[in-house]
Amino acid sequence: MKKIGWGFIGAGSIANRFIKGLVQVPDAYLAAVASRTYDGAKSFADKYGAKVYTSVKEMILDENVDVVYIATPHTIHKENTLLALNMGKPVLCEKPMAPNADLVSEMVRTAREKNVYLMEAMWTRFFPVMEKVRTWLNEGIIGKVSFVTADFGYSTPEDPSSRLFDPNFAGGSLLDVGIYPIAFAFMVFGKKPNRITGLADMTSTGVDASMGCTLGFEGGGIASLYSATNAETPQVAYIMGDKGRIEIPSFWCPKEANLYIGNNLEESFRQEHEGEGYQFEVMAVQDDIRAGRLENELMPLDESIAIAEVMDALRKQWGMSYPFE
Ligand SMILES: NC(=O)c1ccc[n+]([C@@H]2O[C@H](COP(=O)([O-])OP(=O)(O)OC[C@H]3O[C@@H](n4cnc5c(N)ncnc54)[C@H](OP(=O)(O)O)[C@@H]3O)[C@@H](O)[C@H]2O)c1
């Protein structure tokens, strides 16, 4: 079987983490990297025997690039994605797919018009632990789910020069990490919410330092979610039903989930993995591409649009828009 060659756009922080998962997948390899700075990317690419381009377009054109991984800041995802899709190359785009739902919709529309694969890199979905959680949910072991809580907060000094705090780069905790608890609630309830309410505390640069939101789902079910760049939180998710609950420590990259019936621990599922766990997402994308699928069943494109719509609705409630909107 021919190995699948990946072309990265951007050689920053996530590119350096994601590659460690990619190299664990036997039929995947880094073919090329496109970077604004040749020297910076060269040492990265050399480690993996990949070519370096300073032109994104030339990198995508490289005959060894079978799939493009977009690892640039949120605000550049659309431009990169449209270029690759229009050139007929499948795309794995980092989360959030784009800063708002209009932009995400345009990306999805292009993928569908061109019949080219696109997925948002919501890597949480592909961990074996999440598969086990979905199995427990599908088997109805905890009964009807009424409540989900999930938090993703970390504390980092407010640095106006960082993309994280810069409104021009769609900064803020919501798009950086709040998307994880929101996507988690979507996965558990299997639909988009019909009620959305939230609050945020802002940084001095005008993006959300922290946010809390409540989502309500048709037929019953509430999610209480939190994200922050100014608080160290436990980063745990709970799913509560009328027969029991599931607890997932480090829910966004889990190695463990605990099933309780009533208040008794019934089963503890543990699955160690090498490194951070990006390999599961890489394998999912490769399986899709080899099977000729145009989107991923666990992270479908309509869901990426719906998640972006929730984040838009929250920002509207806070009166927070980005300068380019
Ligand atoms: N899935 C995850 O676990 C995870 C974790 C962290 C971040 N992310 C996502 O990945 C994306 C990148 O985040 P990051 O933390 O890797 O950011 P980063 O360290 O700033 O890296 C982004 C890279 O994009 C490239 N780039 C191209 N055009 C740029 C521009 N105009 N301004 C700045 N950089 C530009 C740069 O690489 P060159 O200099 O080589 O061109 C830069 O190093 C974000 O959307 C973020 O949400 C995902």
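Every number for a ligand or one of its atoms is a count from 1 in the order of the listing. Values reported hereafter were calculated over all heavy atoms of this structure, with side chains retained and with hydrogens, waters and symmetry mates removed.
- The atoms of ligand 1 that sit less than 4.0 Å from any heavy atom of His77 are 45 (O).
- Taking only non-hydrogen atoms, the option from Ala41, Pro96, Ala71 nearest to atom 23 (C) of ligand 1 is Ala71.
- A perpendicular orientation is assigned to the rings of Phe280 and His273, their planes being inclined by more than 60° (bins at 30° and 60°).
- Residues Ile182 and Leu301 fall into different hydrophobic clusters, defined by Ile, Leu, Val, Met, Phe, Trp and Tyr side chains chained together at heavy-atom separations under 4.5 Å.
- Between Phe152 and Phe251, the angle of the ring planes goes over 60°, which puts this pair in the perpendicular group of the 30/60° scheme.
- Ranking protein heavy atoms by distance to atom 12 (C) of ligand 1, first place goes to Thr72 O, 3.4 Å.
- Tyr260 is not connected to Met240 by any chain of hydrophobic side-chain contacts under 4.5 Å among Ile, Leu, Val, Met, Phe, Trp and Tyr, and they are in different clusters.
- Using a cutoff of 4.0 Å between basic side-chain nitrogens and carboxylate oxygens, Glu106 and Lys78 are scored as salt-bridged.
- Taking every non-hydrogen atom of Arg17 and a distance limit under 4.0 Å, the qualifying atoms of ligand 1 come out as 5 (C), 6 (C).
- Both Ile4 and Leu92 belong to a single network of hydrophobic side chains, linked directly or stepwise wherever heavy atoms of I, L, V, M, F, W or Y lie under 4.5 Å apart.
- By the criterion of a heavy-atom distance under 4.0 Å, neither the backbone nor the side chain of Tyr69 is placed next to ligand 1.
- Contacts between Ile76 and ligand 1, counted as non-hydrogen atom pairs separated by less than 4.0 Å, involve the side chain only.
- Of the protein's non-hydrogen atoms, the one nearest atom 3 (O) of ligand 1 is Tyr278 OH, 2.6 Å.
- Neither the backbone nor the side chain of Ala15 comes within contact range of ligand 1; no heavy atom lies under 4.0 Å.
- Distance from atom 17 (O) of ligand 1 to its nearest protein heavy atom, with residue and atom name: Arg163 NE, 3.2 Å.
- Side-chain rings of Tyr48 and Trp6 stay apart, their centers remaining 6.0 Å or farther from each other.
- A side-chain donor from one of Asn263 and Arg245 sits under 3.5 Å from a side-chain acceptor of the other.
- Between Lys243 and Glu266, none of the side-chain N atoms (NZ, or NE/NH1/NH2) sits under 4.0 Å from a carboxylate O, so this pair counts as no salt bridge.
- Donor-acceptor pairing under 3.5 Å is recorded for the side chains of Ser161 and Asp159.
- Geometrically, ligand 1 and Ile14 share a nitrogen or oxygen pair separated by less than 3.5 Å.
- Ligand-side atoms of ligand 1 in range of Trp123: 1 (N), 2 (C), 3 (O), range being under 4.0 angstrom from any heavy atom.
- Using modelled atom types and a 3.5 Å distance limit, the side chains of Asn100 and Asp102 yield no donor-acceptor pair.
- Of the protein's heavy atoms, Ala11 N, 3.4 Å lies nearest to atom 37 (O) of ligand 1.
- Considering only non-hydrogen protein atoms, atom 38 (P) of ligand 1 sits nearest to Ser35 OG, 3.4 Å.
- Atom CG of Asn194 has more than 12 heavy atoms from other residues, nucleotides or ligands within 6.0 Å.
- Given atom 19 (O) of ligand 1, the protein heavy atom at minimum distance is Ser13 N, 3.0 Å.
- Contacts of Phe18 with ligand 1, taken as heavy-atom pairs under 4.0 Å, are absent altogether.
- Contact between Pro73 and ligand 1 is present, with at least one heavy atom of the residue lying under 4.0 Å from the ligand.
- For ligand 1, the polar-atom distance check against Phe169 finds no nitrogen or oxygen pair separated by under 3.5 Å.
- The side-chain contact (heavy atoms from CB on, under 4.5 Å) test with Met299 singles out one residue from Lys95, Glu120, Met187, and that residue is Glu120.
- Looking at Asp176 and Arg163, a side-chain N of the basic residue comes within less than 4.0 Å of a carboxylate O on the acidic one, giving a salt bridge.
- Looking from atom 47 (O) of ligand 1 to the surrounding protein, the closest heavy atom is Lys95 O, 2.8 Å.
- Among protein heavy atoms, atom 42 (C) of ligand 1 sits closest to Arg36 NH2, 4.1 Å.
- Applying the 4.0 Å criterion to heavy atoms of Gly12 picks out, from ligand 1, the atoms 19 (O), 21 (O), 43 (O).
- Looking at Glu94, His74, Glu281, it is His74 that brings a heavy atom closest to atom 45 (O) of ligand 1.
- If you number the atoms of ligand 1 from 1 as listed, the ones under 4.0 Å from a heavy atom of Tyr180 come out as 1 (N), 2 (C), 3 (O).
- Contact annotation: for Glu276 versus ligand 1, there are no heavy atoms closer than 4.0 Å.
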